[in-house]
Amino acid sequence: MALVDRLAYGANRAARVGWYTAHYFLARRIAPADGERRATREEGLALRAELRRAMADLFAAELADIESGIYRAPPPFELPPHELVARSLRFFADIREVDARRRGRVNDEPFRAGLRPDLPRYYLQNFHYQTDGWLSPQSAALYDTQVETLFTGMADAMRRRALPPLRRALAGRLRSAKLLDIACGTGRFLAEVKRNWPRLAVTGLDLSGDYLAEARRLLAPWSRVDLVEANAEAMPLPDAAFDAVTAIFLFHELPRAVRVRVAAEIARVLKPGGTFVLVDSLQKGDRPAFDGLIEAFPRSFHEPYYADYARTDLAALFGEAGLRLRETELAFMSKVTSWQREP
Ligand SMILES: C[S@@+](CC[C@H](N)C(=O)[O-])C[C@H]1O[C@@H](n2cnc3c(N)ncnc32)[C@H](O)[C@@H]1O
């Protein structure tokens, strides 16, 4: 890679991290954290140094993979400036509502409003105290800005770390294979996939029609995209239909028993020998310096199943379903694991 490309990569990443870090601190100003013990100055400095190190590690891994042609350098922002700013303004306009919910510990509005009694109870919550839960176009339009702000511009970068194990698994078959992304949300990961491998046939599945509508818009430039509104616990998809399955930031939002059912479904729809790639939160002990953040996160953001997920034995969960661990990579605040269905 030419020096100029490396510099462009660095400048792009700096622009993105700078933009969303500014969102993070402005949001904290509008709605200061409550109740939590404040870190001492030394603790704060040490944690920030660890965060910077983890961020730099991810960028180094990404740059190495871009240089060896595993995937393409990402653009700094995926939206034109006026849309980016419009989304930010909507995000800031919503913060006080989110904060009022946080302070009042109000987290079940979709359930109490009787919005969709056909959907599972665990789903009808305000995860992160978000407005409307998963169930409105407004929520879907805010989600990407919320997640990038939470991760100071690193969310897409963490998602992209699913690309290298996928590429290894699908080597030579990137034009013929089929990929399923479970809980695809607004389609962020599938957009990364299509940007790199436009001929790969992809299916995105999610329980939120509003999030899928957002995904449909984002993925409109590409063909071979199928979007399915369904529950990952019982997917309306045939057995052994996919060469690869991904699940990004889903499992920490599922109750323990549901995780087991979704893991079994993943194994069912994968071809024998097929690959599953999971991107989700770091677990306790993965990066000991972040264990405090892992403890605090579900208290400040409504994440009722997160603490249990952070202690889950993933090898047991997916092993029970017939999936064997192949690779693990820590990617900033996430862990990427890849699994193979028994041939
Ligand atoms: C934290 S978001 C992650 C979305 C996306 N994968 C990403 O990278 O941003 C969780 C997603 O899981 C979906 N979801 C939660 N439970 C589900 C279930 N049982 N079946 C299908 N989708 C589910 C939600 O609708 C939401 O879009």
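Whatever order the structure lists them in is the order used to number ligands and atoms, beginning at 1. Throughout, residue positions are numbered sequentially from 1 according to the sequence presented.
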Q: State yes or no: are the ring centers of Y305 and Y309 separated by less than 6.0 Å?
A: no
**Q.** Near ligand 1, at a heavy-atom separation below 4.0 Å: residues by chain and residue number
**A.** Y122, Y123, W134, Y143, R159, A183, C184, G185, D206, L207, S208, A230, N231, A232, I248, F249, L250, E253, L254
Q. So, for Y211 and Y143, is the gap between ring centers shorter than 6.0 Å?
A. yes
Q: Flag the pair F332 / F151 as yes when their ring centroid distance falls below 6.0 Å, and as no otherwise.
A: no
Q: Would you sort out whether L293 and L51 count as a side-chain contact (heavy atoms from CB on, under 4.5 Å), showing the intermediate values?
A: CA-CA 11 Å; L293 289 178; L51 285 166; 4.3 Å; yes
Q. Does any N or O in the side chain of R173 come within less than 3.5 Å of the main-chain N or O of A169, such that one atom is a donor and the other an acceptor?
A. yes
Q: Taking the six-membered ring of F111 (Phe, Tyr or Trp), confirm whether the NZ or CZ of R121 is under 6.0 Å from its centre and within 45° of its axis.
A: yes
